[in-house]
Enquirer: 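My questions all concern the structure below.
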Amino acid sequence: MQSVHEITLPLKVIVGHGVIDKVSEIIPPSARKVGIITGELTYELSGRRVEEALAPERKVVVWKAPNAIVDTAKEIARKAREERVEAVIGVGGGKAIDVAKYVAKESGSLMISIPTTPSHDGIASPFASLKGTGRPTSIYTKTPYGVIADVEVIAKAPRRLIMAGFGDLVGKLVAVKDWALAHRLRGEYYGEYAAQLALMSAKHVLKYHELIASGSVEGVRILVEALVSSGVAMCIAGSSRPASGSEHLFSHALDIVAPGRALHGEQIALGTIMMLYLHGDSSWRRVRRILKKVGLPTNAYEIGIEPEKIIEALTIAHTIRPERYTILGEKGLTREAAYRLAKETGVI
Ligand SMILES: NC(=O)C1=CN([C@@H]2O[C@H](COP(=O)(O)OP(=O)(O)OC[C@H]3O[C@@H](n4cnc5c(N)ncnc54)[C@H](OP(=O)(O)O)[C@@H]3O)[C@@H](O)[C@H]2O)C=CC1
Ligand SMILES: O=C(CO)COP(=O)(O)O
Ligand SMILES: [Zn+2]
C-alpha cells in the first residue's frame, strides 16, 4: 500500500508549431509579475520571444542560470521572492527548466515549462536534478502548471540532445520491470496506470524510431509528446519510480565515477541494454539494434567512457538509492558479475 498522495498534473500542455506566443494566454491574468529563467543561448533562441510576448502587460524579470547547481537556484529563488514574482517560466534545456521548477517551489509561484530541447522527461514532471544537493538523484519540486513545446524550435536542437530524449524514454522498459519486481518482492506500492503510461512512452518512440531519428518536426513532436506522457506518469505515481529504475541508477553512478562525459539519455540507453539482459528480457538485442541504428551509443567506446568505469558504475549502482529496489538487488553486482554482464551485452 502507498500512503495517500496528491496528484498534481500540468493543467495546460501546448505542443505545436510557433506556439511560444501562447505563453501570455496560459498564464492566469492575475499573475502580473513573471520571472524567466533561461540560458545565454536559449534566451536568444526563445527566451527573448517569451519576454516580448509578455511585456508590456506584465512586469518581466529575466535571470540567466549558468548551471543547475542548487546554490544558483537558491540565489535566483531569493531574487524571485524579493521581486514577488507570481509565475516562473523555465525557457531552455533541462538546466533552465530544473532551476525554474526549484525557484517556483521556493517562491510559491506558478511554473511554466518551455523546453528548447527534448533531451529528457523532466519537461512536464515535478522532479528536478540539481547538483550540490548531496544526492545524485532528482528532488521533488513543483509540477509545471503549463508546458509549451514549440516543435519548430525543438527540432533545431542539436541532434545529440534530441536522441538523448529517446534514450531516456527507452529506459522506461527497465524502470517499469524494476517497479513490478519491487512490488512482488517487497510489497511496494505499484501503480499499474502510471507504469503502463511510462511503458507506452518507451514503446511509442521505439515504434517511430526512424521518424524521430530523421530529425523531422513530425518525429520531434512524437518524441515530445512521449516525454510529456512519461512526466505525467511520474506526476501520477508521485515519484520518479515509473521512469527511473536500475538503468537510471547505473547512469547516476556514471555521473559519480565519470562525470560530464555523456548525456543523461545516452547513459540510460547503455544501462537499458544491460538491465534488460539482467531481467532475462530477450528484447535487449532488438533494443540495442534500434539504439545503434538511431545513433545512440551502445558500448563503452561509443559513449567515450573507459570499460573500467562502466564496471565500477555497475558495482556501485545499487548504493545510489538503497530504498528503491531493482534487479540489482540489495547487494548489487560483484566485479565479476558486472564484467560478465557488460561483456555479454557487448558494452565492453
Ligand atoms: N528533471 C529531470 O528529470 C532531469 C533533469 N536532467 C538535467 O537536465 C540537464 C541536462 O539537460 P540538457 O537539456 O541536456 O542540457 P542543458 O540545459 O545544459 O543544455 C545543453 C546546451 O544546449 C543548449 N541548447 C538548449 N536548447 C538548444 C537548442 N534548441 N538549440 C541549440 N542549443 C540548445 C543550451 O544552451 P544554454 O547555454 O542557453 O542553456 C546548453 O548550452 C542536466 O542539468 C541534468 O541533470 C537530466 C535528466 C532528468
Ligand atoms: O531522470 C529521471 C527520469 O527520467 C529522474 O530520475 P531520478 O529520480 O532517478 O533522478
Ligand atoms: Zn531520466
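When a ligand or atom number is given, it counts from 1 through the structure's own listing order. Small disclaimer: the values here were computed from a predicted structure and weren't measured. Throughout, numbering of the chain's residues begins at 1 and tracks the sequence.
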Enquirer: Checking salt bridge (charged side-chain N to carboxylate O under 4.0 Å, His left out) for the pair Glu218/Arg221: CA distance, chi angles, key distance, verdict?
Expert: CA-CA 5 Å; Glu218 205 185 344; Arg221 187 184 185 118; over 6 Å; no

Enquirer: Flag the pair Leu278 / Leu328 as yes when at least one side-chain heavy-atom distance between them is below 4.5 Å, and no otherwise.
Expert: yes

Enquirer: If you define the side chain from C-beta out and look only at heavy atoms, does anything of Leu270 sit under 4.5 Å from Ile310?
Expert: yes

Enquirer: I need the nearest protein heavy-atom contact for atom 2 (C) of ligand 2: residue, atom name and distance, please.
Expert: His248 NE2, 3.4 Å

Enquirer: Regarding Thr326 and Asp178, do their side chains bring together a donor and an acceptor under 3.5 Å, going by distance alone?
Expert: no

Enquirer: Show the atoms of ligand 2 that are less than 4.0 angstrom away from any heavy atom in Lys172.
Expert: 4 (O)

Enquirer: Contact between ligand 2 and His120 is defined here as a heavy atom of the residue under 4.0 Å from a ligand atom; is it met?
Expert: no

Enquirer: Report the part of Arg135 in contact with ligand 2, treating N, CA, C, O as backbone and CB onward as side chain, heavy atoms under 4.0 Å; options are side chain, backbone, both, neither.
Expert: neither

Enquirer: Is ligand 2 under 4.0 Å from a heavy atom in the side chain of Ser138, in the backbone, in both, or in neither?
Expert: both

Enquirer: Short list, please: which atoms of ligand 2 are under 4.0 Å from a heavy atom of Arg321?
Expert: 7 (P), 8 (O), 9 (O)

Enquirer: Short list, please: which atoms of ligand 2 are under 4.0 Å from a heavy atom of Ala243?
Expert: 3 (C), 4 (O)

Enquirer: His204: what forms a ring-ring contact (aromatic ring centres under 6.0 Å, His included) with it, not counting sequence neighbours?
Expert: Tyr208

Enquirer: Could you check whether any side-chain heavy atom of Val34 comes within less than 4.5 Å of a side-chain heavy atom of Val85, counting everything from C-beta outward?
Expert: no

Enquirer: Going by an N to O cut-off under 4.0 Å, is there a salt bridge joining Glu44 and Arg48?
Expert: yes

Enquirer: Do any of the N/O/S atoms of His120, backbone or side chain, fall under 2.8 Å from the Zn ion (ligand 3)?
Expert: no

Enquirer: Below 4.0 angstrom, N of the basic side chain to O of the carboxylate: do Glu106 and Arg78 qualify?
Expert: no

Enquirer: What do you reckon, does Ser244 have a nitrogen or oxygen under 3.5 Å from a nitrogen or oxygen of ligand 2?
Expert: yes

Enquirer: List every atom of ligand 2 that sits less than 4.0 Å from any heavy atom of Ser240, numbering the atoms from 1 in the order shown and giving each element.
Expert: 6 (O), 7 (P), 8 (O)

Enquirer: Which of the atoms in ligand 2, numbered in the order shown and given with their element, are less than 4.0 Å from a heavy-atom of His252?
Expert: 7 (P), 9 (O), 10 (O)

Enquirer: His264 heavy atoms, cut-off 4.0 Å: which ligand 2 atoms fall inside?
Expert: 1 (O)

Enquirer: Take atom CZ in Arg335; do more than 12 heavy atoms of anything else shown fall under 6.0 Å from it?
Expert: no

Enquirer: Which atoms of ligand 2 sit under 4.0 Å from any heavy atom of Asp168?
Expert: 4 (O)

Enquirer: Is the shortest side-chain N to carboxylate O distance from Glu86 to Arg58 below 4.0 Å?
Expert: no

Enquirer: May I ask you to check whether Asp168 brings an N, O or S atom to under 2.8 Å from the Zn ion (ligand 3)?
Expert: yes

Enquirer: Could you tell me whether Glu188 and Arg324 have a side-chain N and a carboxylate O separated by less than 4.0 Å?
Expert: no

Enquirer: Give a yes or no on whether Glu152 atom CD has more than 12 heavy-atom contacts from other residues, nucleotides or ligands under 6.0 Å away.
Expert: yes

Enquirer: Which ligand 2 atoms are under 4.0 Å away from a heavy-atom of Thr137?
Expert: 10 (O)

Enquirer: Quick one: does Ser129 get an N or O within less than 3.5 Å of an N or O on ligand 2?
Expert: no

Enquirer: More than 12 non-hydrogen atoms from neighbouring residues, nucleotides or ligands closer than 6.0 Å to CZ on Arg32, yes or no?
Expert: yes

Enquirer: What residue and atom, counting heavy atoms only, is the protein's closest point to atom 4 (O) of ligand 2, and at what distance?
Expert: Asp121 OD1, 2.7 Å

Enquirer: As a test of reading the model: which N/O atoms of the protein lie under 3.5 Å from N/O atoms of ligand 1, and at what distance?
Expert:
| from | atom 1 | to | atom 2 | distance (Å) |
| --- | --- | --- | --- | --- |
| ligand 1 | 1 (N) | Asp98 | OD1 | 2.9 |
| ligand 1 | 1 (N) | Asp98 | OD2 | 3.4 |
| ligand 1 | 1 (N) | Phe127 | O | 2.9 |
| ligand 1 | 8 (O) | His120 | NE2 | 3.4 |
| ligand 1 | 11 (O) | Gly94 | N | 3.2 |
| ligand 1 | 13 (O) | Gly94 | N | 2.8 |
| ligand 1 | 13 (O) | Thr117 | OG1 | 3.1 |
| ligand 1 | 13 (O) | Ser119 | OG | 2.7 |
| ligand 1 | 14 (O) | Ser119 | OG | 3.4 |
| ligand 1 | 17 (O) | Gly94 | N | 3.1 |
| ligand 1 | 17 (O) | Lys95 | N | 3.0 |
| ligand 1 | 26 (N) | Thr116 | OG1 | 2.8 |
| ligand 1 | 29 (N) | Thr116 | O | 2.9 |
| ligand 1 | 38 (O) | Glu40 | N | 3.3 |
| ligand 1 | 38 (O) | Leu41 | N | 2.9 |
| ligand 1 | 38 (O) | Thr42 | N | 2.8 |
| ligand 1 | 38 (O) | Thr42 | OG1 | 2.8 |
| ligand 1 | 39 (O) | Lys95 | NZ | 3.2 |
| ligand 1 | 45 (O) | Lys131 | NZ | 3.4 |

Enquirer: When you look at Glu266 and Arg261, which way does the salt bridge (charged side-chain N to carboxylate O under 4.0 Å, His left out) test go after all the steps?
Expert: CA-CA 10 Å; Glu266 294 172 338; Arg261 306 277 279 279; over 6 Å; no

Enquirer: To the nearest 10 degrees, how large is the angle at the Zn ion (ligand 3) between His248 NE2 and His264 NE2?
Expert: 100°

Enquirer: Compute whether any side-chain donor of one residue and acceptor of the other, for Lys293 and His209, lie under 3.5 angstrom apart.
Expert: yes

